[in-house]
Amino acid sequence: FLNIYSRNGADTVTINADATNGGRIGGNLILSTGFSNDTVNIGTAGGSISIGGAISANLDSGSDTFNLGTTGTAGNTFVVGRGGTLLRANTVNMGTKTDPVTVNGTVSIDNTLDYGITNTIRFGITGDVLQARAAGNFCYNGGTLIDDIGLYGTIQGAPGKNSVINMGQGTNTLDINAEIGFGTASDLIVTGGAGVDDIAFNDDTKISNDAIFSLGGGDNLYGLNSTFSVDGDMSITAGNGIDAVGIFAGQIGGNLTLNQGNGANSLTFAGTTTGAAQSASCHDFTYNGGDGDDEITFDANNGAVENSL
């Protein structure tokens with residue numbers, strides 16, 4: 001294994017490989033930095049890197065950055081043998097260029113101990129769900145200020161375990177263009193906080209099991225007018241803010257349930273003639289509003305509910 005403990009100070013730890021021959025760490029990579037603003041670079045220049053074990057990084061307090069597989073060379077590959085756990089990594093870039101990145105395990109990032117720091121997390125690139133891959137799940141715990149999460153790639157999912165994203169109490173953004181849970185009984189579970197939660201599914205998003213959203217009391221925003229699909233059930237539970245879901249165009253293999261709270265909420269379950277990216281569909285459709293003014297539009301000629309509305 002390789003163990004680096006850099007202690008306090010504004011540290012930079014860089015692990016790169018020869019551009020021709022690449023490099024390998026046979027066991028685990030263990031990183032521990034101290035107070036101040038630290039940066040860890042793994043595979044940001046040079047050639048391919050293979051890590052036989054897991055990555056474990058504790059970046060401690062400060063505004064810290066973790067980069068993995070960002071040389072921008074499509075011929076380079078970066079493989080982590082047994083998952084990655086990052087503690088207090090506020091800016092994370094994993095496979096955010098053209099380098100294929102594979103993590104053979106779960107990616108877990110925990111920023112709950114950081115107060116007043118903006119967290120920006122990126123796994124993969126927006127337009128290619130095959131460029132970054134995790135054989136396990138993707139798990140994230142956010143902080144108290146702003147959490148901006150971009151999940152792009154393939155999250156295979158570990159059997160019996162779920163991809164869980166707790167966005168924190170601040171103003172949060174979750175942008176997903178990913179295949180999640182393929183071939184496993186693994187759900188996507190997302191929890192928001194008291195601030196504004198902005199969630200979006202892009203066109204290549206495919207959830208193989210259930211998608212469960214529990215959002216807070218802010219005036220939440222939604223980007224669900226895309227050609228996404230959920231093979232299982234999908235549910236969205238929100239608080240008492242304004243939840244303007246807008247056009248919902250998802251194709252849901254199971255039931256669709258929305259519990260929208262007491263705000264002035266709105267939803268259009270739509271087909272292509274009403275501006276949807278595709279005709280929405282589900283098995284059973286359930287909408288529960290609160291004491292506010294709710295506006296629900298159902299395009300019966302194009303959106304499809306298989307069973308009951």
Side-chain angles (χ1 to χ4, degrees), residues 126 149-151 165 167 171-181 187-309:
T126 310
I149 307 148
L151 181 56
I165 300 174
M167 294 189 291
T171 300
N172 306 309
T173 300
L174 176 61
D175 190 50
I176 296 179
N177 197 48
E179 295 184 2
I180 299 175
D187 300 332
L188 171 66
I189 301 174
V190 177
T191 302
V196 175
D197 298 313
D198 186 347
I199 62 171
F201 278 170
N202 292 294
D203 286 339
D204 295 323
T205 299
K206 298 178 180 178
I207 312 298
S208 294
N209 297 284
D210 296 342
I212 303 165
F213 292 86
S214 299
L215 307 180
D219 294 339
N220 302 312
L221 304 172
Y222 303 82
L224 300 175
N225 183 13
S226 61
T227 58
F228 76 92
S229 64
V230 176
D231 290 346
D233 297 333
M234 182 172 180
S235 65
I236 301 174
T237 300
N240 293 328
I242 297 172
D243 288 277
V245 177
I247 293 176
F248 184 97
Q251 295 189 344
I252 312 303
N255 301 325
L256 174 62
T257 303
L258 295 101
N259 300 301
Q260 295 298 89
N262 292 329
N265 309 310
S266 61
L267 165 74
T268 299
F269 187 90
T272 55
T273 57
T274 50
Q278 65 181 1
S279 293
S281 63
C282 65
H283 193 264
D284 290 350
F285 179 95
T286 302
Y287 182 95
N288 295 309
D291 293 334
D293 296 328
D294 294 295
E295 181 178 349
I296 303 113
T297 301
F298 183 75
D299 182 0
N301 292 321
N302 293 282
V305 174
E306 182 179 335
N307 196 14
S308 63
L309 175 64

Fit a plane to each ring of Phe248 and Phe269, take the angle between them on a 0 to 90° scale, and name the class: parallel (under 30°), tilted (30 to 60°) or perpendicular (over 60°).
parallel
Looking at OG of Ser266 and CG of Asp294, how far apart are the two atoms once the value is rounded to the nearest 0.5 Å?
8.5 Å
Taking Gly217's backbone N and O only, do any of them form a donor-acceptor pair with Asn240's side chain (distance below 3.5 Å, no angle check)?
no
Minimal heavy-atom distance between Ile199 and Met167, with the atoms involved, is CG2-CE, 4.2 Å
Show your reasoning for whether side chain to side chain contact (heavy atoms under 4.5 Å, CB included) applies to Gln260 and Val245.
CA-CA 10 Å; Gln260 295 298 89; Val245 177; 3.3 Å; yes
Can you name the closest pair of heavy atoms from Asp175 and Ala200 and give their distance?
OD1-CB, 3.6 Å
When rounded to the nearest 0.5 angstrom, what distance separates CG in Asp198 from CD1 in Ile149?
11.0 Å
Atom OG in Ser208, atom CD1 in Ile180: separation rounded to 0.5 Å?
9.0 Å
Residue pair Asp197 / Asn172, side-chain donor-acceptor N/O under 3.5 Å
yes
Does any pair with a residue in residues 217-228 pass side-chain hydrogen bond (donor to acceptor under 3.5 Å, both in side chains), and if so which ones, sequence neighbours excluded?
Asp203-Thr227, Asn220-Asp243, Tyr222-Asp243
Reported CD1-to-OG1 distance for the pair Ile176 and Thr126, which is rounded to 0.5 angstrom
12.5 Å
Apply side-chain contact (heavy atoms from CB on, under 4.5 Å) to Thr237 and list each qualifying residue two or more places apart in sequence or on a separate chain.
Asn259
Looking at Asn255 and Asp284, what are the two nearest heavy atoms and their distance?
OD1-N, 3.0 Å
Say you draw a straight line from CG of Leu174 to OG1 of Thr191; how long is it, rounded to the nearest 0.5 Å?
11.0 Å
Closest heavy-atom pair and its distance - Ala249, Ala277
CB-N, 4.0 Å
If you apply the rule side chain to side chain contact (heavy atoms under 4.5 Å, CB included), what do you find for Asp233 with Thr257, and how did you get there?
CA-CA 8 Å; Asp233 297 333; Thr257 303; over 6 Å; no
Decide yes or no for Lys206 and Asp231: does some side-chain heavy atom of the first lie under 4.5 Å from some side-chain heavy atom of the second?
no
Return the set of residues passing ring-ring contact (aromatic ring centres under 6.0 Å, His included) with Phe213 (not counting sequence neighbours), or none when no residue passes.
Phe201
Can you tell me how far apart CG (Asn265) and CD (Glu295) are? Round to the nearest 0.5 Å.
11.0 Å
Donor-acceptor under 3.5 Å (Asp291 side chain, Asn262 main chain):
no
Do you know the tightest heavy-atom contact between Gln278 and Phe228?
NE2-O, 3.0 Å
